[in-house]
Every structure is written in structure tokens, then in C-alpha cells.
There are 2 protein chains.
Amino acid sequence: MAVKLTDVAQKAGVSVTTVSRVINNHGYLSDKTKHKVFTAMKELNYQPNSLARSLQGKKMKLIGLIFPEITNPFFAELIQDIESILFEKGYKIILCNAQRDKEKERAYLKMLLANQVDGIIAGAHNLGIEEYQELGLPIVSFDRKLSENVPIVSCDNYQGIKLAVHDLIQSGCHKIFFLGNKQLKGNPTDQRLKAYLNEAENLNFTPHICSVAFSDSTLLKNITIHEMLQNDHPDGVVCTDDLTAILVLQEARKLGLKVPEDLKVIGFDGTKQIQTYHSELSTIAQPINDIAILLVKLLLQRISDPNKELNKKHYILPVKLIKSLTTA
Amino acid sequence: MAVKLTDVAQKAGVSVTTVSRVINNHGYLSDKTKHKVFTAMKELNYQPNSLARSLQGKKMKLIGLIFPEITNPFFAELIQDIESILFEKGYKIILCNAQRDKEKERAYLKMLLANQVDGIIAGAHNLGIEEYQELGLPIVSFDRKLSENVPIVSCDNYQGIKLAVHDLIQSGCHKIFFLGNKQLKGNPTDQRLKAYLNEAENLNFTPHICSVAFSDSTLLKNITIHEMLQNDHPDGVVCTDDLTAILVLQEARKLGLKVPEDLKVIGFDGTKQIQTYHSELSTIAQPINDIAILLVKLLLQRISDPNKELNKKHYILPVKLIKSLTTA
DNA sequence: AAATTTCTGTCAAACGATTGACATATTTCA
DNA sequence: TGAAATATGTCAATCGTTTGACAGAAATTT
């Protein structure tokens with residue numbers, strides 16, 4: 001059985017109350033007793049039972065993370081950063097993999113509630129707004145509108161695509177395609193398509209949208225991309241994520257298209273991983289670490305002061321164009 | 001405040017005991033009462049407090065996962081698979097990112113203990129054996145020897161490298177380098193180097209080891225790889241992971257070496273991600289999903305029957321050679 | 001020496017749920 | 001009709017920890 005308060009008390013030769021007082025630094029305590037208790041705790045390798053503590057109203061120091069997947073390098077890096085920052089602050093994370101599955105996401109929300117998490121960072125894309133509203137828990141969201149009183153953090157999606165389009169135009173492209181999700185759902189990522197359409201108008205080129213859903217299989221995406229390249233002959237493609245952009249590069253290679261001479265591709269996300277292992281890809285880089293820092297900061301703020309009005313609903317962080325060395 | 005048992009009882013017009021009995025299906029219960037209670041639970045969106053339950057000796061249904069990083073696609077896919085399987089069985093995971101940091105790993109172990117996890121799946125590489133021994137918790141390990149009574153799951157590391165070496169020889173290579181970690185620490189992955197050395201002897205070629213640590217930075221790895229390619233002119237390289245193998249491909253390209261004509265490279269891991277986005281890479285594929293299934297199965301066995309003797313200490317799963325289309 | 005401050009202990013209630021003991025009511029079926 | 005089975009309720013203890021009330025003891029100040 002695990003070591004408990006009474007064991008420590010016995011070992012230190014004091015009462016349980018005293019041990020509890022030492023741990024919580026509560027009331028008068030002599031250095032001698034404190035020392036006795038601390039050494040006893042160390043010797044027994046005592047860990048206070050978080051569960052029992054939290055029943056007393058103490059914080060669990062537990063945060064739920066809900067993301068659609070972790071194998072996507074963007075989410076992996078974001079999650080890793082969030083985890084590191086939270087660890088520094090004494091929080092642990094329960095990782096939830098919503099997998100584009102509404103039911104799973106719903107089940108996860110219940111579970112997080114049952115486990116008394118202190119708050120949730122939500123980045124999944126499935127559920128309607130309602131379920132999040134009635135949780136009564138501090139929540140912050142990434143790139144997703146959940147409810148009026150859930151702050152959103154996202155990168156400057158609009159500026160990102162604008163940068164991408166301008167870069168392609170400046171590189172001499174004339175037939176620029178937008179490759180990504182076409183559906184608008186009121187989320188910040190909608191700005192990507194909007195930016196493309198606006199810039200098409202501003203810069204006077206005809207918009208071409210090739211629709212692939214984030215959730216489409218690689219196979220399906222490849223077919224769509226293949227058709228686009230073969231039938232429509234774009235000379236520039238703006239993609240809404242790096243992985244899809246790489247598929248475009250691969251299909252282009254198969255078709256014997258020369259990159260960047262015949263075709264220029266720009267991705268979106270700019271993870272360290274893609275930049276390291278696919279440095280041939282130009283991309284719009286999201287400030288992943290800053291996003292992580294801000295998400296955590298906002299969440300901890302809301303945890304410590306849940307009723308405070310939001311000073312801001314939507315935090316938009318700047319993006320950066322990273323040009324590939326081969327395209328330069 | 002969160003809904004609790006008393007609220008449900010009040011709503012359903014029964015006693016708390018009855019509600020608890022309904023939830024735990026304990027004793028005699030009429031369908032009518034069950035129904036009343038269930039509807040009350042739904043209407044109030046009641047979630048039993050896991051913490052309070054676990055104080056009663058109930059399982060938390062929580063598993064701690066300790067891995068060195070999650071941005072590596074291999075770990076990302078393994079973690080994702082483990083998570084999915086555990087979710088199906090009603091378990092959640094606390095994700096711990098040990099980050100090659102001994103202190104962080106130690107802190108995590110304490111934290112998992114304090115949070116009353118039911119068991120741990122360990123894949124990190126930092127700590128000495130001692131700390132894991134005295135946890136008094138069901139543990140299973142991936143690719144790592146932790147203690148006599150912690151079962152290990154790994155792929156057939158030996159066979160993997162053997163397959164790789166044979167393939168290179170059959171493809172006509174004469175100067176085959178081993179690129180990976182040189183230190184032997186008594187872990188299953190040591191078999192990779194061992195297999196290489198053995199096969200060098202069996203197949204009569206001189207072994208060349210180029211040492212890069214798993215934890216080296218990409219920059220450092222690149223320098224080492226660059227020097228190896230430029231100074232030693234290998235015609236085949238066996239890598240102990242796919243990411244390093246890709247670095248070799250990239251450096252080779254920079255040096256103007258033709259792959260596979262001048263140089264053949266084989267990686268190790270075979271993640272879906274690398275296979276999708278670097279299909280030019282031959283690799284030894286680990287059966288990630290099977291590893292996940294087995295890890296979970298063994299852990300749950302140990303949780304349900306902690307004192308049962310292990311029938312086996314080390315489970316070795318078969319690997320598969322995946323040849324790239326370009327090399328074929 | 002008396003008053004005050006500091007320290008430690010005992011005791012008990014609370015957190016939310018579980019569960020056994022026990023009582024009582026209702027139903028079932030010999 | 002009466003015994004047995006079924007159904008529900010009351011009450012209290014328990015899990016490990018926190019915390020307030022209260023009581024003394026020891027140390028410090030006046």
C-alpha cells in the first residue's frame with residue numbers, strides 16, 4: 001500500500017495534523033518539526049494523494065487537452081510545447097485524441113469532468129458549440145470558435161494566405177490554386193479561404209479552389225491533387241497545411257513537373273519537423289511556441305479567476321513566410 | 001458546482017444509496033427505479049466523481065504514458081495507437097514527456113503515483129532501474145529494460161538490422177555503414193548494433209560504425225553524416241531510425257550523390273507518416289499497432305492480477321522490410 | 001512572575017461516493 | 001395466509017487529506 005499521512009506522522013513522531021500543517025504551511029511551525037517531517041517524507045518517499053486533496057477543494061493541477069490527432073506534426077509540436085510549459089507550472093495533462101469523432105469527443109468531455117480537471121485546452125473540430133458551453137469549466141480554444149465566453153487563440157490565418165499569394169505572384173505565377181477545406185464554419189481558419197479570394201480580387205487573378213478536407217485520406221487527397229495538376233495546370237498552389245503541400249510536391253514529381261520552375265507550392269504550419277525533413281517546402285509558419293504559451297497563460301488566468309470578463313475574445317498571433325532554399 | 005449524488009437522488013425522488021446502487025448495479029433494483037435514476041442522471045448530466053470513487057478503492061482507469069518525446073513520428077503513432085486502444089477499454093492517459101531529462105522523468109513518476117494511476121507504460125530512456133523497481137505499480141516497458149519483473153515489448157531489433165544488411169548486400173553494396181547509437185546499455189535496441197556486427201562477420205565485410213546519439217541535434221547529426229559520406233564513401237548505410245535516414249538522403253543529395261545508384265540507405269521504424277511523405281525511403285518497419293496492442297494487453301493483465309508471475313519477460317514482435325519504390 | 005506569543009496535540013467535520021448492516025415495505029408464489 | 005423474495009430507505013463507516021476549534025505546553029517578552 002502507498003505511504004500515507006499517518007505513516008509520515010508516525011515516522012516523524014508527530015501528529016497527522018502537524019504533518020498536514022507542514023505540507024500546507026499552515027499555522028505556527030518550528031523549524032525543528034518542519035525538518036523532522038520533511039526528512040520523514042523523503043525517507044518514506046511520501047506523495048500526498050492528489051485525489052484526497054482535491055476532495056478538499058484543492059486543485060488537481062490537471063489540464064485536459066483535446067486535439068484531433070497527435071500524429072500530425074503540427075499538433076505533436078503544439079502539444080509537446082503545451083505539455084512542457086504546463087509541466088513547469090506544476091500541471092499535468094490528460095491527452096485526448098478526438099479523432100474527428102463526435103462521440104469520442106463528447107465522451108472525453110464527460111471523462112475530463114469526472115476527473116476534475118482544472119481546465120481544458122480544446123483544439124478539436126467536431127462538436128457543436130452547445131456541449132462546451134454547459135461544462136462550467138475554464139476552457140481556451142485553438143483555432144476554433146466554441147462559445148462566446150471561450151477565448152480563441154489562432155495565428156493570423158488571413159495574413160498567412162495573403163503572404164503566400166503575394167509571394168507566388170511576385171515569383172511570377174499566374175494560375176494560382178487554393179488547395180484546402182472549402183467549408184466555412186465560422187472558425188478562424190475560414191480566413192484562409194477568404195484571404196485567397198480577396199487577394200485574387202485585389203491582384204486581379206481568377207480564383208481556383210481545389211477542395212480537400214482535412215480529414216480526407218491521403219489516397220483521396222492524392223487523386224484530387226493529381227487531377228488538379230494534370231487537368232488544370234496551375235503554376236502555383238497555396239495549401240492550407242504542410243502535409244498536403246508535400247503531397248502536391250510528390251504528385252508533381254510523378255508527373256514530371258519541375259519545382260519550382262513549372263510549379264510553385266506553399267504550405268501552411270511550418271513545423272520544425274517539416275522544415276527539417278522537407279526543407280524544400282516554402283511555408284507559412286505558425287508561431288507554435290507562442291501559441292502554446294498564450295493558450296496556457298489564458299487558461300491559467302481563467303482558472304485563477306473564472307468570472308473575470310475576457311478582455312479579448314480572439315488572440316491573433318503573427319505568421320512568417322519561410323521560403324525554401326530551392327525556390328529562393 | 002458540479003452535480004453530485006445527492007442532486008440525482010433528489011431529482012429522482014430516491015435515496016442516495018439507491019442511486020449509488022443503480023450506478024454500481026448492486027443489490028435488488030426494480031426497473032422502474034433504475035429508469036427514474038438514469039433519466040435523472042441524464043437530465044442533470046451527472047458524472048460520478050472519479051476521485052471520490054477511487055478513494056473507495058475503485059480503479060481510476062488512468063494509465064501513465066512516459067515517452068521521450070512525441071514529435072518523433074514513431075512515438076506519435078505509438079502513443080496514438082495506445083491511446084485509442086485504451087480509450088476503447090475505458091481508460092484515459094496522462095501523457096508524460098520525459099524529454100531525455102532524468103529529473104523530469106523522476107518528477108513524473110512521483111506525480112503519476114500521486115494521481116493514483118492504475119499502471120504505467122514506459123518508453124523513456126533516462127532513469128536507472130532502481131526508481132522503477134520501488135514504485136509498486138504495474139508497469140510494462142517498450143524497448144527498455146527497467147527491472148526483472150517489468151515485461152518488455154520490442155520489435156525484433158536483431159532481425160530488423162539483419163534484414164537491412166542482407167538487402168544492401170544483395171543490392172550490391174560493399175561498404176556498408178551502421179549509423180546510430182553506439183553505446184550498449186542492456187536494452188533491446190542494443191541488438192541492432194549486434195546484428196550489424198554479426199552479419200558483417202557472417203557476410204564477410206568490414207564493419208564501419210558511425211556514431212550518432214538519438215539525442216543529438218539535427219545539426220550535429222548532419223555534420224557527422226556529411227563527414228561520413230564525404231570522407232568514407234559508403235555505398236550503403238543502415239540507420240537505426242527513419243529520421244536519421246532522411247538526413248542521410250538529404251546530405252547525399254547535397255553532395256550530388258545519386259540514390260540509389262551511388263548510395264543505398266535503409267531506415268528503421270516504418271511509420272505511416274514517413275512512408276507517406278518519404279516513400280523514397282526503404283526501411284525496417286516496426287509493427288506499431290501490434291506493439292501498442294501488446295503493451296496494453298500486458299499492462300491490463302498486470303493490473304487485474306499484479307502478483308501473477310510473468311510467463312515471459314521479453315516479447316519480441318516481427319519486423320518487415322519495406323523497400324522503396326525508387327530502390328526497387 | 002505574569003502575560004504573551006509560539007508551538008504541538010487531540011478531536012471532529014468535511015469533501016463525494018461506496019457499501020455493509022439493518023429495517024421496513026411491497027410483491028410473488030406456494 | 002404465510003413464508004420467501006424483492007425492493008427501498010436509514011444510518012454509519014470508510015477512503016486520505018484538510019482545517020477549524022480548542023487545549024495545553026514551551027518559549028519569549030514585559
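Only heavy atoms go into these numbers, but all of them, side chains included; no hydrogens, no water, no symmetry mates. Naming convention: chains lettered A, B, ... in sequence-line order (proteins, then strands); numbering from 1 in each chain.
- In this structure, CG of A:L5 is placed 17 Å from P of C:dC11, rounded to the nearest angstrom.
- For B:N49, no side-chain nitrogen or oxygen approaches OP1 or OP2 of C:dA17 to under 4.0 Å.
- B:T17 comes within 4.0 angstrom of a base, heavy atoms only.
- Within the 4.0 angstrom heavy-atom criterion, only backbone atoms of the sugar-phosphate kind lie near A:V14; the bases stay farther away.
- When distances run from any side-chain atom of B:K4 to the nucleotides C:dT19, D:dA7, C:dG16, the shortest one goes to C:dG16.
- Atom CG of A:L51 and atom C1' of D:dT14 are 15 Å apart (whole Å).
- The nearest whole Å value for the distance from the CD atom in A:Q116 to the C1' atom in C:dA17 is 12 Å.
- Taking atom CG of A:D31 as the reference point, atom C1' of C:dC7 lies 12 Å away to the nearest angstrom.
- For the pair B:K32 and D:dA7, the criterion of a side-chain N or O lying under 4.0 Å from OP1 or OP2 is not met.
- Taking only side-chain nitrogens and oxygens, B:S20 never comes nearer than 4.0 Å to OP1 or OP2 of C:dA17.
- An OP1 or OP2 oxygen of D:dT18 is reached within less than 4.0 angstrom by a side-chain nitrogen or oxygen of A:R53.
- The side chain of B:R21 approaches D:dT8 more closely than any other nucleotide in the set C:dT18, D:dT17, D:dT8.
- Annotation: side chain of B:R100 is in contact with side chain of B:F214 (closest heavy-atom distance under 4.5 Å).
- A:S147 and A:N149 form a side-chain donor-acceptor contact under 3.5 Å, judged by distance and modelled atom types alone.
- Comparing B:G57 and B:L29, the nucleotide of DNA chain D nearest to each residue sits closer to the 5' end for B:L29.
- Ion pairing of A:E309 with A:K312 is absent here, as no side-chain N (NZ or NE/NH1/NH2) approaches a carboxylate O to less than 4.0 Å.
- Rounded to an integer number of Å, the gap from CD of B:Q56 to P of D:dT17 is 14 Å.
- As judged by a 4.0 angstrom heavy-atom cut-off over every strand, A:S15 is placed among the base-contacting residues.
- Here D:dT18 presents its P atom at 6 Å from OH of A:Y46, a figure rounded to the nearest Å.
- What separates CG of A:L113 from P of C:dG16 is a distance of 14 Å, to the nearest Å.
- Between A:K102 and A:E105 there is no salt bridge, since no side-chain nitrogen of the basic residue lies less than 4.0 Å from a carboxylate oxygen of the acidic one.
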Derivation of the side-chain hydrogen bond (donor to acceptor under 3.5 Å, both in side chains) call for A:S20 and A:T17: CA-CA 5 Å; A:S20 175; A:T17 309; over 6 Å; no
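- The side chain of A:L55 lies closest to C:dC15, out of C:dT18, C:dC15, C:dC7.
- Each of C:dC7, D:dT8, D:dG9 was ranked by its minimum atom distance to the side chain of B:Y28; first place goes to D:dT8.
- With B:I63 as the partner, the side-chain contact (heavy atoms from CB on, under 4.5 Å) test is satisfied by one option alone out of B:I121, B:V117, B:L295: B:I121.
- Two residues, A:V16 and B:H26, neighbour DNA chain C, and the one matched to the more 5' nucleotide by heavy-atom proximity is A:V16.
- In this structure, B:K58 reaches the C:dT19 phosphate: one of its side-chain N or O atoms is under 4.0 Å from OP1 or OP2.
- Among the nucleotides D:dT19, D:dT8, C:dA14, the one closest to the side chain of B:T33 is D:dT8.
- Distance B:M60 CE to C:dG16 P: 16 Å, rounded to the nearest Å.
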